[in-house]
Amino acid sequence: MVVLNDGLWYLAYGSNMLASRLRAYLEGSNSGPYGSHGGARDRAGPARDRPVRLNHGVYFAGQSVRWNGPVAFLQLVPGKSPSFGRAYLLRWSQAIAIISQENGDKAALSLRELPLVGEYIELPTKGKYNAVLRLDDYFGVPTIALTTSRNLPRGTPTMDYVATMRQGLLELKTMSEEEIGQYINRLTDT
């Protein structure tokens, strides 16, 4: 286990790749396309963000009320097909606020340590995103992704969810629209 100091990279690979979607968790929102969110105590934006390519696959599962269908999850173990995401440099308290809101928990979830690289911790929540996966550090800063350890039924995401992912990938400016389309098609065909 690793005790956290202040900052970490929060890896988004689904709808949170879109900066405005992530900001709803940090700044809070009463309505709009992403629904109501309480926000974080520290409402500042990420210190930095960067595109990430990783060897954990992305799949769609569960049922989201907000998106009216399945949402993205990161596989707990590495696979053969690469996936793409956006890492945001956040304060620990901001990451906890996002994790708690993703799970619909009103109170902040208690998490004081991170697992070793390649391992995960199950969270004490009834929400879908019940696992914090530790990925490779970036310049000595821990990197985490929120996913699930549950066996949720897989399915096809809604057009709204896919459109939000597509916008997030476009913001990264690392792939052409055609490459993004091929990537999303690969994800939704599996």
Is there a side-chain contact (heavy atoms from CB on, under 4.5 Å) between Ile144 and Ile99? Walk through the geometry before answering. CA-CA 11 Å; Ile144 64 166; Ile99 292 168; 4.2 Å; yes
Kindly indicate, with the supporting measurements, whether the criterion side-chain contact (heavy atoms from CB on, under 4.5 Å) is fulfilled by Val132 and Leu114. CA-CA 8 Å; Val132 174; Leu114 290 180; 4.1 Å; yes
Test log, rule side-chain hydrogen bond (donor to acceptor under 3.5 Å, both in side chains), inputs Ser149 and Asn130: CA-CA 7 Å; Ser149 64; Asn130 74 320; 2.9 Å; yes
Before you tell me yes or no, could you show the steps for Ile98 and Leu22 under side-chain contact (heavy atoms from CB on, under 4.5 Å), namely the whole-Å CA-CA distance, both residues' side-chain angles and the distance that decides it to 0.1 Å? CA-CA 8 Å; Ile98 292 169; Leu22 184 89; 3.7 Å; yes
Under the criterion side-chain contact (heavy atoms from CB on, under 4.5 Å), I'd like the reasoning laid out for Asp137 against Val117: C-alpha separation, chi angles, the key distance, then a yes or no. CA-CA 8 Å; Asp137 291 356; Val117 172; 4.1 Å; yes
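You'll find the side chain of Met159 stays beyond 4.5 Å of the side chain of Val162, heavy atoms only. Annotation: side chain of Leu74 is in contact with side chain of Ser83 (closest heavy-atom distance under 4.5 Å). In this structure, the side chains of Thr188 and Pro157 come closer than 4.5 Å at one or more pairs of heavy atoms. Residues Arg186 and Ser81 have side chains in contact (heavy-atom distance under 4.5 Å, counting atoms from C-beta outward). Gln75 has its side chain out of reach of Val58: every pair of non-hydrogen atoms, C-beta onward, lies at least 4.5 Å apart. Side-chain contact between Leu135 and Leu54: present, with at least one pair of heavy atoms (C-beta onward) separated by less than 4.5 Å. Two residues are said to be in side-chain contact when any heavy atoms from C-beta on lie closer than 4.5 Å; Asn55 and Pro82 fail this criterion. No side-chain heavy atom of Arg134 sits less than 4.5 Å from a side-chain heavy atom of Thr143.
Val52 and Leu90 fall within a single hydrophobic cluster, where Ile, Leu, Val, Met, Phe, Trp and Tyr are joined by side-chain heavy atoms under 4.5 Å apart, directly or via other members. Hydrophobic cluster membership differs between Leu89 and Tyr25, with clusters built from Ile, Leu, Val, Met, Phe, Trp and Tyr side chains linked at under 4.5 angstrom. Criterion: ILVMFWY side-chain heavy atoms under 4.5 Å apart, direct or through other members. Under it, Leu172 and Leu187 are part of a common hydrophobic cluster. In this structure, Tyr138 is not a member of the same hydrophobic cluster as Leu146, with clusters built from ILVMFWY side-chain heavy atoms closer than 4.5 Å.
Considering CZ of Arg21 and CD of Gln167, their distance stands at 12.5 Å, rounded to 0.5 Å. In this structure, CD1 in Ile96 is found 11.0 Å from CZ in Arg41, a value given to the nearest 0.5 Å. Distance check, rounded to the nearest 0.5 Å: CD of Glu177 to CD of Gln182 gives 12.5 Å. Note that CG of Leu116 is 9.5 Å distant from CD1 of Ile121, once rounded to the nearest 0.5 Å. Taking CD1 from Ile180 and CZ from Arg166, the interatomic distance works out to 7.0 Å, rounded to the nearest 0.5 Å.
No donor-acceptor contact under 3.5 angstrom links the side chains of Tyr88 and Gln94, judged on distance only. Looking at Asn16 and Tyr10, their side chains do bring a donor and an acceptor atom within 3.5 Å of each other.
For Arg43, the CZ atom counts as densely surrounded, since its 6.0 Å shell holds more than 12 non-hydrogen atoms of other residues, nucleotides or ligands.
In this structure, Ser64 contributes its side chain and Gly69 its backbone to no donor-acceptor pair below 3.5 Å. At distances below 3.5 Å, at least one donor-acceptor pair connects side-chain atoms of Tyr161 with backbone N or O atoms of Ala72. With hydrogens and angles ignored, the 3.5 Å screen pairs a side-chain donor or acceptor of Gln101 with a backbone N or O of Ala97. Remark: side-chain polar atoms of Arg50 are not paired, donor with acceptor, to backbone N or O of Ala87 under 3.5 angstrom. Judged by distance alone, with hydrogens and angles left aside, the side-chain atoms of His37 form no donor-acceptor pair with the main-chain N or O of Ala24 at under 3.5 Å. Under the 3.5 Å distance criterion, the side-chain polar atoms of Arg150 are matched with a main-chain donor or acceptor of Gly127.
In terms of the side-chain hydrogen bond (donor to acceptor under 3.5 Å, both in side chains) criterion, residue partners of Asp49 (sequence neighbours excluded) are, by chain and number, Arg86. In this structure Asp42 satisfies the salt bridge (charged side-chain N to carboxylate O under 4.0 Å, His left out) test together with Arg91, sequence neighbours excluded.
Scanning all heavy atoms of the two residues, the minimum distance from His56 to Leu76 falls at CE1-O, 3.3 Å. Here the closest non-hydrogen pair linking Leu133 and Tyr120 is CA-CB, 3.9 Å. Listed here is the closest heavy atom pair of Leu152 and Gly62: CB-N, 3.8 Å.
Taking the six-membered ring for Trp and the full ring otherwise, Tyr13 and Phe84 have centroids separated by 6.0 Å or more. Between Phe73 and Tyr129, the gap from one ring centroid to the other is short of 6.0 Å.
Note that Arg154 lies in the cation-pi zone of Tyr59, set by a 6.0 Å cut-off to the ring centre and a 45° limit from the axis.
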